[in-house]
Structure formats: C-alpha cells, structure tokens
Peer 1: 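After the structure tokens below, expect a handful of questions from me.
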Amino acid sequence: MTMCRKCGAQKRRWPRSCSRCPARSDRGDAAADAAELVVETGLLAWVVRGIVSVVRLALRALG
C-alpha cells in the first residue's frame with residue numbers, strides 16, 4: 001500500500017484514488033501524475049535513447 005499525497009491515508013496501488021479523498025474528474029491531473037512518474041523513473045530517457053537508435057539505424061540503411 002502507498003500513501004495518499006493529499007491526505008496522507010493509506011491507499012491502494014497507483015493510479016487508484018484514495019477512499020478518503022473525492023474522486024478526481026480532471027484528466028489533466030492524471031496526465032500530470034503519469035508524466036511525473038515517467039520522469040522520476042527515468043523511463044523518458046530510455047524512450048529517447050530508443051528513438052535515437054532507430055533513427056540512426058534508418059539513416060545507415062538509407063545512406
């Protein structure tokens with residue numbers, strides 16, 4: 001179990017909402033939370049490296 005950022009209560013795994021806090025209907029908040037998680041885990045760097053690798057391979061194949 002994890003801790004809720006808003007009220008500090010224990011809640012189920014991310015992205016489920018806390019039972020004590022009202023449900024968020026704003027998708028922008030959910031997208032911001034997901035983007036924050038991606039940046040914190042370093043996943044964004046791996047995605048960028050993968051794209052760069054694919055572009056380099058494509059340029060070698062064409063050139």
Side-chain angles (χ1 to χ4, degrees):
M1 295 195 125
T2 60
M3 301 296 287
C4 178
R5 290 183 183 177
K6 290 182 181 179
C7 66
Q10 288 189 347
K11 67 173 193 157
R12 294 183 182 168
R13 286 185 29 217
W14 184 88
R16 296 183 185 182
S17 60
C18 175
S19 60
R20 289 175 44 181
C21 294
R24 294 187 305 188
S25 61
D26 186 14
R27 291 186 182 205
D29 287 343
D33 288 345
E36 181 181 342
L37 180 67
V38 166
V39 171
E40 286 176 357
T41 59
L43 192 59
L44 186 61
W46 282 99
V47 170
V48 171
R49 287 180 193 164
I51 292 171
V52 169
S53 299
V54 169
V55 169
R56 285 183 182 166
L57 287 173
L59 289 175
R60 285 182 187 171
L62 293 175

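A quick note: this is a predicted structure, and the numbers were derived from the prediction, not measured.
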Peer 1: Not counting sequence neighbours, list each pair that qualifies as a salt bridge (Lys or Arg N to Asp or Glu O under 4.0 Å) and has a residue in residues 35-56.
Peer 2: R5-E36

Peer 1: Give me the other members of the hydrophobic cluster that V48 sits in, counting Ile, Leu, Val, Met, Phe, Trp and Tyr linked by side-chain heavy atoms under 4.5 Å, directly or via other members.
Peer 2: V52

Peer 1: Give the minimum heavy-atom separation between V39 and L44, together with the two atoms involved.
Peer 2: CG2-CD2, 4.2 Å

Peer 1: Mind checking what makes side-chain contact (heavy atoms from CB on, under 4.5 Å) contact with T41, not counting sequence neighbours?
Peer 2: L37, L43

Peer 1: Should W46 and V54 be counted in the same cluster of Ile, Leu, Val, Met, Phe, Trp and Tyr side chains packed under 4.5 Å apart?
Peer 2: no

